Amino acid sequence: GQNIDQPTEMTATEGAIVQINCTYQTSGFNGLFWYQQHAGEAPTFLSYNVLDGLEEKGRFSSFLSRSKGYSYLLLKELQMKDSASYLCAVRDITNAGKSTFGDGTTLTVKP
Amino acid sequence: GAVVSQHPSWVICKSGTSVKIECRSLDFQATTMFWYRQFPKQSLMLMATSNEGSKATYEQGVEKDKFLINHASLTLSTLTVTSAHPEDSSFYICSGGGPSTDTQYFGPGTRLTVL
C-alpha cells in the first residue's frame, strides 16, 4: 500500500517563498504528482517527477528523492491567488498504475 | 494541456432517484478514466478505474451496484448513482489518462446534493 504525509496547513506572506513537503511509502514507485486545488474546484496538474532531482516550471518547482521517499513543492514570489490546497499524489506500478492522493496542504497567502 | 469535461456541473435530486454524470475527454483518447469522490475538507478518494470496453474496477468499500460506471468509448465515461441517499452528496470528479500521458487530467467536477 501507500502512505502519504503532508502538512495540513501552511501560511505564508505575499512575495515570499514556501516549501510544501510530502513523504511517502510505496512498494512500486512510478511517479509523484503535485496538484493545485482551489476551493470548490477540481485539481489542476502542477508537476510530475519520476527521477530524482528538481523540476522547475516558472514560479513552481518540484523536487524528488526516491531513496528518501520525499518530495517538495516550492512556490516562489507568492501571490494571493496561490492560496489553495496542494495535493501530493503517488503512482504505484504494483497497484495497477493508480495514484493515491495525500490529504492535501491548505496554503494561505497573506498580504 | 488535455481537456476533460463533466456534465452536469451540479445537480440536486430527491432521495431514491438516480443521477448520471458524464465525463468526456475532448482532445485526447482516454484509455483509462478514474472516478473520485471528495467530501468537504478531505482529499480525493478513488472510487473506481475504468478502461474502455471493459468492466470497471472498484475500490474496496465502493458498491458497484450503486455506482454504475460505463466506459463505452475512448472519449466518454459515465457514472450513475442509483437510489441516491443524502450521504451520497459529494463532489464527484473524473479524470482521464491516455497511453501517451504521464498524468491524469481532471474534469471540473460535479457537485451532487441529495435531498
Side-chain angles (χ1 to χ4, degrees), chain A residues 1-9 20 22 24 26 29-51 55 57-58 60 62 64 71 73 83-108, chain B residues 1-10 21 23-25 28 30-51 54-60 62 89-113:
Chain A
Q2 292 157 297
N3 188 19
I4 301 173
D5 290 311
Q6 49 182 133
T8 304
E9 295 179 334
I20 303 173
C22 172
Y24 64 89
T26 184
F29 178 81
N30 192 30
L32 185 143
F33 304 85
W34 283 97
Y35 293 89
Q36 180 191 61
Q37 185 177 26
H38 284 100
E41 299 179 10
T44 55
F45 170 76
L46 290 178
S47 67
Y48 168 67
N49 295 70
V50 67
L51 299 176
E55 295 279 344
K57 192 182 295 185
F60 294 2
S62 57
L64 174 68
S71 172
L73 179 69
S83 293
S85 181
Y86 291 85
L87 306 173
C88 172
V90 175
R91 185 163 63 188
D92 191 326
I93 198 169
T94 65
N95 194 21
K98 292 180 289 189
S99 294
T100 300
F101 285 79
D103 290 339
T105 299
T106 299
L107 173 66
T108 302
Chain B
V3 179
V4 175
S5 70
Q6 270 184 253
H7 177 81
S9 55
W10 60 270
I21 302 170
C23 176
R24 294 181 184 271
S25 56
F28 71 102
T31 52
T32 304
M33 281 192 173
F34 303 90
W35 286 95
Y36 295 86
R37 181 166 54 181
Q38 186 176 36
F39 293 104
K41 298 189 183 299
Q42 295 185 21
S43 191
L44 282 74
M45 291 180 55
L46 181 64
M47 299 175 67
T49 303
S50 73
N51 292 296
S54 62
K55 290 183 179 180
T57 302
Y58 290 80
E59 295 300 300
Q60 193 171 9
V62 178
S89 298
S90 186
F91 192 42
Y92 291 86
I93 309 170
C94 71
S95 71
S100 60
T101 60
D102 285 327
T103 189
Q104 303 171 37
Y105 296 95
F106 286 87
T110 297
R111 190 162 301 284
L112 170 65
T113 301

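Treat the numbers as computed from the prediction; the structure is a model and nothing was measured.
Neither the backbone nor the side chain of B/Q6 has a heavy atom closer than 4.5 Å to any heavy atom of chain A. Of the atoms belonging to B/I93, it is side-chain heavy atoms, and not backbone ones, that fall under 4.5 Å from chain A. Within the 4.5 angstrom heavy-atom criterion, only side-chain atoms of A/F45, from C-beta onward, approach chain B.
Both the sub-6.0 Å distance and the 45° axial angle are satisfied by B/R111 relative to the ring of B/F91.
A/Y35 pairs by the side chain to side chain donor-acceptor pair (under 3.5 Å) definition with B/T103, not counting sequence neighbours.
Between the A/Q6 side chain and the A/C88 main chain, a donor and an acceptor come within less than 3.5 Å of each other. When atom types are taken as modelled, the side chain of A/S71 and the backbone of A/C22 share no donor-acceptor pair closer than 3.5 angstrom.
Among A/G40, A/A89, A/G104, the residue making the largest number of heavy-atom pairs under 4.5 Å with chain B is A/G40.
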